[in-house]
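In what follows, residues are counted from 1 in the order of the sequence shown. Both ligands and their constituent atoms are indexed starting at 1 by order of listing.
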Amino acid sequence: MARIPLMAGNWKMNLNHIEAIALVQKLAYTFNAEDFAALEIAVIPPFTDIRSVQTLVDGDKIALKYGAQDLAKADKGAFTGEISGPMLAKLGCTFVIVGHSERREYHGENDQTVNLKVQAALRNGITPIVCVGEGSEVRNAGEQVSHTLRQLDAALAGVSSKDVANLVIAYEPVWAIGTGEVATPADAQEVCGAIRDQIRNVHGSAADQARVLYGGSMKADNVAALMKEADIDGGLVGGASLDPDEFVSVCRYRMHP
Ligand code: 13P
C-alpha cells in the first residue's frame with residue numbers, strides 16, 4: 001500500500017492568531033487541488049492560533065490539515081496551563097506533535113511522558129507525530145540508530161499494531177534542528193529505514209502504513225533529495241514553514257529538478 005506523503009509545518013512559538021490567519025490565507029490561495037491530491041499538508045500552530053485556523057479552514061473549505069504542538073497526559077483536571085486531548089479534538093486537530101526535542105530538552109519530557117502523551121492523543125482520535133532523534137554527541141559516537149530506536153520503543157510501549165499503522169514518526173536529529181545543517185539523504189535514510197524495520201519487527205505490516213518523516217533544516221533546496229529516499233514519507237518543517245512561498249515550494253518537492 002502506497003503511503004501518502006505528509007508535509008507538516010511546525011510553527012513552534014511563532015505567529016499570533018492574526019498572523020496565523022494571514023499565513024493560512026496565503027497558503028490557501030497558493031496551493032491548488034493538485035497539491036492537495038499529491039500529499040497531505042498540515043500546519044501546526046501555537047495553541048492560541050488553532051481556533052482561528054479551524055474557523056478559516058472550515059469556513060473556506062480548505063483541504064489543509066492542522067494540529068497542535070503538544071498535549072497533556074491527562075484528559076482533564078487540575079493541571080494549570082495544560083491543554084488536553086479532548087480540547088484539541090473539539091478544535092478539529094488531525095495531528096499533535098509529541099516528544100519534540102525542544103519539549104524533551106526544555107520541559108523535562110522523558111520517554112515515559114512521551115508514551116503517556118502518545119496514548120492520550122490516540123484515545124482522543126488524534127494522530128500523534130512522535131518525535132525521535134539523537135543529539136550531536138550520540139551521532140559522533142555512531143550510536144544514532146540504537147539511541148533513536150530506544151526512544152521509539154519507549155514511545156510506542158503498549159500501543160496496538162492497529163494504532164501504530166496510523167502513526168506518524170518524525171526522525172529529527174537534534175543537531176539539524178534550526179541549525180541549517182541538514183542530514184544528508186543517506187544519513188536520514190539510515191535512521192528512517194531502521195525505524196521502519198523496528199516497527200516491522202514488533203508490529204508486522206503496520207510498518208507499510210506508518211509514515212516516517214524527516215525534520216531538521218528541511219527547505220526547498222534540500223527536500224527533493226530527502227524525499228527520494230525509500231523510507232522518508234515527508235517532513236516536519238520548522239523555520240521554512242513560516243514563509244508561505246518557501247513552504248509551498250517544499251510541498252512541491254516533486255516538481256523540483
Ligand atoms: P527547522 O526546520 O527549523 O530546523 O526545525 C525542525 C523542527 O524542529 C520541526 O519540528
Side-chain angles (χ1 to χ4, degrees), residues 5-15 19-20 23 27 39-47 49-50 53 65-71 88 93-107 109 113-114 117-118 121 126-136 138-139 144 147-148 151-152 155 167-185 187-188 191-192 195 211-227 229 232-253 256:
L6 167 65
M7 287 294 170
N10 175 10
W11 295 0
K12 308 193 178 183
M13 197 175 71
N14 294 290
L15 308 183
E19 294 164 331
L23 177 50
L27 295 175
L39 73 162
E40 245 184 324
I41 303 169
V43 293
I44 316 283
F47 290 129
D49 299 359
I50 296 176
V53 171
K65 307 268 171 71
Y66 54 90
Q69 297 173 15
D70 184 32
L71 84 171
L88 298 177
C93 287
T94 301
F95 299 107
V96 62
I97 296 176
V98 175
H100 192 281
S101 62
E102 289 150 16
R103 301 288 320 167
R104 293 179 192 254
E105 187 177 347
Y106 307 133
H107 299 273
E109 293 198 4
T113 318
V114 174
K117 290 186 172 191
V118 166
I126 306 170
T127 300
I129 299 177
V130 185
C131 297
V132 291
E134 82 288 351
S136 54
V138 171
R139 173 151 291 261
Q144 62 274 11
H147 172 93
T148 303
Q151 287 182 328
L152 179 78
L167 277 187
V168 179
I169 309 294
Y171 169 55
E172 297 208 307
V174 180
W175 48 269
I177 295 178
T179 57
E181 192 188 340
V182 66
T184 64
D187 283 346
V191 184
C192 292
I195 288 171
R211 287 179 290 184
V212 181
L213 312 184
Y214 167 79
S217 299
M218 193 183 245
K219 291 193 287 293
D221 66 7
N222 57 38
V223 60
L226 288 158
M227 290 300 290
E229 296 294 340
I232 300 179
D233 303 316
L236 189 54
V237 186
S241 72
L242 297 171
D243 174 340
D245 294 329
E246 184 77 14
F247 188 57
V248 168
S249 184
V250 167
C251 293
R252 289 185 175 157
Y253 64 89
H256 297 191

Would Ser217 and Thr179 satisfy side chain to side chain contact (heavy atoms under 4.5 Å, CB included), going step by step from the backbone distance to the final call? CA-CA 7 Å; Ser217 299; Thr179 57; 3.9 Å; yes
Which of the atoms in ligand 1, numbered in the order shown and given with their element, are less than 4.0 Å from a heavy-atom of Gly239? 1 (P), 2 (O), 3 (O)
Evaluate Ala240 for polar contact with ligand 1, using N/O atom pairs at a separation under 3.5 Å. no
Contacting atoms of ligand 1, where contact means under 4.0 angstrom from a heavy atom of Asn10: 9 (C), 10 (O)
Protein contact to atom 2 (O) of ligand 1 [nearest heavy atom, distance to 0.1 Å]: Gly238 N, 2.9 Å
Tell me which pairs pass salt bridge (charged side-chain N to carboxylate O under 4.0 Å, His left out) where either residue lies in residues 232-250, with sequence neighbours left out. Arg3-Asp233, Arg196-Asp233
Salt bridge (charged side-chain N to carboxylate O under 4.0 Å, His left out) contacts in which one or both residues fall within residues 6-15, not counting sequence neighbours: Lys12-Glu102
Would you call Ala176 a ligand 1 contact, heavy-atom distance under 4.0 Å? yes
Please state which option from Met218, Lys12, Glu172 has its nearest heavy atom closest to atom 5 (O) of ligand 1. Lys12
What closest approach, in Å, do Ser249 and Ala220 show between heavy atoms, and which atom pair accounts for it? OG-CB, 3.3 Å
Under the 3.5 angstrom rule, does the side chain of Arg104 hit a backbone N or O of Gly99 as a donor-acceptor pair? yes
Can you find a non-hydrogen atom of Ser217 under 4.0 Å from ligand 1? yes
Numbered in order shown, the ligand 1 atoms found under 4.0 Å of a heavy atom of Gly216 are 4 (O), 6 (C)
Side chain to side chain donor-acceptor pair (under 3.5 Å) between His100 and Gln69, intermediate numbers included: CA-CA 8 Å; His100 192 281; Gln69 297 173 15; over 6 Å; no
